[in-house]
Amino acid sequence: MRDKHCGLVSGDDIGKVINLAGWVFRRRDHGGLIFIDLRDITGIVQVVFSPDISQGAHERAGDIKQEYVLKITGKVEKRPPETENPNIPTGTVEVLVSSFEILNTSKPLPFQLDEEEPNESLRLKYRYLDLRRPEIQKIFLARHKAYRTTRDYLVNNGFYEIETPFLTKSTPEGARDFIVPSRLNPGMFYALPQSPQLFKQILMIGGFDRYFQIVRCFRDEDLRADRQPEFTQIDIEMSFVDVDDVLAISEGLIMSLYKELKGVPADFQIPRMKYADAMELYGTDKPDLRFGLPLTDITGIFQETEFGVFRKTIEQGGIIKGLVLKGKTLSRKDLDTAVDTAKAMGAGGLIWIRKENDILQSPIVKFLKDEEKSSLSGTFDLSNGDVLFIVADSKDKANDVMGRFRLYLGERFDLIEKGVDRFLWVIDFPLLEYSEEEKRFVARHHPFTSPKESIRNFNGDYESIIARAYDLVLNGVEIGGGSIRNYRMDEQMEMFRLLNIKEEDAVEKFGFLLEALEMGAPPHGGIAFGFDRILMMFLGLESIRDVIPFPKTQKGTCLMTGAPSNIGQKQLNELRIKTVVK
RNA sequence: GGGGUCGUAGUUAAGCCUGGUUAUAACGCCGGCCUGUCACGCCGGAGGCCGCGAGUUCAAUUCUCGUCGACCCCGCCA
């Protein structure tokens, strides 16, 4: 049907008669002469309808409209001098049409492809039109390249690509499962995997040594700008490894992707930070290192304080944390807004202290002793104009609020370094965290994570157990995480014991894994990367929906297909399902 | 479950705060002219339940409440 793609017509074709096919992008009808930019996935080329070439073709070309699908036959010519278009790759040539065929017509589109983006719901409803836009196609070509880069890199490093089931078993820990009713087993349900976690461990026990999969995962949780109910992971598992081995392979993969997608050399080392340090310095387990503003624990300064708020906090075992904003001029309104912002983040209050004419100014300054004031000045090296922000609360709350308040200041006062990417490994996560809701310890990463030291060495102080778990963070966003797993039955059972999961429940839920651990399971560990998030970050996009061809809305619907939808009574009967919603 | 932003021709926006006239513009669409444009140009035209429903008012696109939808955030997301 065609000899070439539109965007690939070049000077080499001059003089040749070729067939092209594509969509009508723009038409410029001069009456006596009609120009059309013909578009396909590779780009656009100008085709010319002139009565000097074909009277008939020129006449019929008057009917051609935007987004018609054309097949044209014509001679490639060098453009006359002064009419070359340096803005497009094919701008030195044009195709003089001798004959053409309208392969399909098009109604006027609900939105223009070459203009300002219409609102997102319209784009999603007519996703096929949105996907025609060259800038959108660029994203999915990049996504395609990322699949290839991932496969090339991992295969070259001895990994085998193996598939795992989508129809699998519901696991109680972690995110809410999507469930699928089983017709053959009425009243029973499959669950879609939140990740192939157990299967990849089984594959290691199955002797495959190194596994990877670019795999869809499903989590029935609320959506966010960077969260979709189905998303893609680069899932990796390796045998006979420890933390450093997994991080090294991961760095290689991330660098390959960075290089491929950003087109810049990437051979930097990714720094590592312990979880405890991240919390202490940045109040979060995923610090954005594109700006400073570290938090400082100043509880020590106020041991003898007469200021009630601080004294009470300390008495109740809480902490006092501060951060200093330097070199910015803050109005009284800025300060008030800052206080409101911190309160909205859950702070009981936010105290600001400003140094002005070598004197500390603050609503609370009258409660502070001279030595407290000079300690603050010294600790934060306060100069005139600097503003110190302080929160006093429980340790977790103070860190959380100050961590988020730090991000607010970073954005509000434009402190974030532009055009740079700051990767960070956060390591040495706690194995457990206490769930107030469930009144028990839950796995911070997942229940199969191995502790750094045997759990038996800890007596009651379970929150201090360090896991061999790690997260990869980019500019304050988690883009991957994993751990070294328990590979011995006794260690895994210890873990379940800590999680207050009864042996019979553990057997009921994960019996196959526990059995497998008893039959020569090798030491193993792995990691999973959020493929969509990586693309979104590397391509500088705002939303995960931008890198997913057919994304869901925040309510989990697909505006193009109308999913989810009702199903007929017949289907419900087959599944033995009764619904209770009208 | 909670907090917030937005919803006006096919599209993108303005008007709304401070209620009242024919609801404005650009692009698109329709008709006409145009042989070197490339976001072609010029002339003319059509196109609106101002998301939906209540309320306040003599009068509501404008104010209030509710509702639906999209988006952002908190909770949630091992």
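Chain identifiers are assigned alphabetically (A, B, ...) following the order of the sequence lines, protein sequences preceding nucleic acid strands; residue numbering begins at 1 within each chain.
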Closest to the A/P51 side chain: B/G75, B/U35, B/C38? B/U35

Stacking between B/U37 and A/H30, yes or no? Criterion: centroid separation under 5.5 angstrom, plane angle under 30 degrees. no

Look at all strands and tell whether A/P110 reaches a base, only sugar-phosphate, or nothing, counting heavy atoms closer than 4.0 Å. sugar-phosphate

Which nucleotide in B/G36, B/C77, B/U11 has an atom nearest any side-chain atom of A/R219: B/C77

Going by 5.5 Å between centroids and 30° between planes, is there a stack of A/F35 over B/U37? yes

Classify A/R123 by what it touches in the nucleic acid, base, sugar-phosphate, or nothing, heavy-atom distance under 4.0 Å. nothing

Under 4.0 Å, heavy atoms only, any strand: does A/S195 hit a base, just the sugar-phosphate, or nothing? base

Is there a side-chain polar atom (N or O) of A/R26 under 4.0 Å from OP1 or OP2 of B/U37? no

By salt bridge (charged side-chain N to carboxylate O under 4.0 Å, His left out), which residues pair with A/D52, not counting sequence neighbours? none

Think A/N119 has a side-chain N or O under 4.0 angstrom from the OP1 or OP2 of B/U12? yes

Identify, between A/N87 and A/Q112, the residue whose nearest nucleotide on RNA chain B lies closer to the 5' end. A/Q112

Sugar-phosphate, base or nothing in reach of A/D52, heavy atoms under 4.0 Å: base

Side-chain N or O of A/T553 closer than 4.0 Å to phosphate OP1/OP2 of B/A70: yes

Nearest to the side chain of A/Q554, heavy atoms from C-beta on, is which of B/C72, B/U12, B/C29? B/C72

Distance test, side-chain N/O of A/R28 to OP1/OP2 of B/C40, below 4.0 Å: yes

For A/Q46, answer base if it contacts any base atom (sugar-phosphate contacts may also be present), sugar-phosphate if it contacts only those atoms, and nothing otherwise; contact means non-hydrogen atoms under 4.0 Å. base

P atom, B/A26 versus B/G41: distance in rounded Å? 12 Å

A/E94 side-chain proximity, nearest of B/G36, B/A70, B/C77: B/G36

Which nucleotide in the list B/G36, B/C73, B/U35 gets nearest to the side chain of A/R79? B/G36

Contact check, side chains of A/V95 and A/K75, non-hydrogen atoms, under 4.5 Å: no

Any base atoms under 4.0 Å from A/E117, or only sugar-phosphate, or nothing? Heavy atoms, all strands. sugar-phosphate

Counting any heavy atom closer than 4.0 Å, what does A/E84 reach on the DNA or RNA strands: base, sugar-phosphate only, or nothing? base

State whether A/R533 places a side-chain N or O below 4.0 Å from either non-bridging phosphate oxygen (OP1 or OP2) of B/C77. no

Take the protein atom CZ of A/F25 and the nucleotide atom C1' of B/A39, then report the distance between them rounded to whole Å. 10 Å

Looking at A/D130 and A/R133, does any basic side-chain N land under 4.0 Å from a carboxylate oxygen? yes

A/D130 CG to B/U12 P, straight-line distance once rounded to whole Å: 12 Å

Contact class for A/E82 (heavy atom, under 4.0 Å): base, sugar-phosphate, or nothing? nothing

Whether A/F510 and A/F496 hold their rings parallel, tilted or perpendicular, with breakpoints at 30° and 60°: parallel

Aromatic plane relationship, A/Y126 with A/Y128 - under 30° parallel, 30 to 60° tilted, over 60° perpendicular: perpendicular

Atom CD of A/E77 and atom P of B/G36: how far apart are they, to the nearest Å? 18 Å

Between the main-chain N or O of A/C6 and the side-chain N or O of A/D40, is there a donor-acceptor pair closer than 3.5 Å? yes

Residue A/E116, side-chain atoms from C-beta onward, closest of B/A13, B/C29, B/C38: B/A13

From the set B/C74, B/U35, B/A70, return the single nucleotide nearest to any side-chain atom of A/L559. B/A70

Given B/A70, is OP1 or OP2 found less than 4.0 Å from the side-chain N or O atoms of A/T557? yes

Under 3.5 Å: donor-acceptor pair, side chain of A/T341, backbone of A/T337: yes

Below 4.0 angstrom from OP1 or OP2 of B/C30, is there any side-chain N or O of A/K65? yes

Between CD1 of A/I44 and P of B/A39 the distance, given in whole Å, is 9 Å

Proximal nucleotide (of B/U37, B/G28, B/C72) relative to the A/T83 side chain: B/U37

Expressed as a whole number of angstroms, how long is the span from A/L96:CG to B/C38:P? 18 Å

If you find the nucleotide of RNA chain B closest to A/L33 and the one closest to A/A175, which residue's nucleotide is nearer the 5' end? A/L33

Under 4.0 angstrom, heavy atoms only, what part of the nucleic acid is A/D220 near: base, sugar-phosphate, or nothing? nothing

Find out whether the Lys NZ or Arg CZ of A/R545 is both under 6.0 angstrom from the six-membered ring centre of A/F550 and within 45° of the ring's axis. no

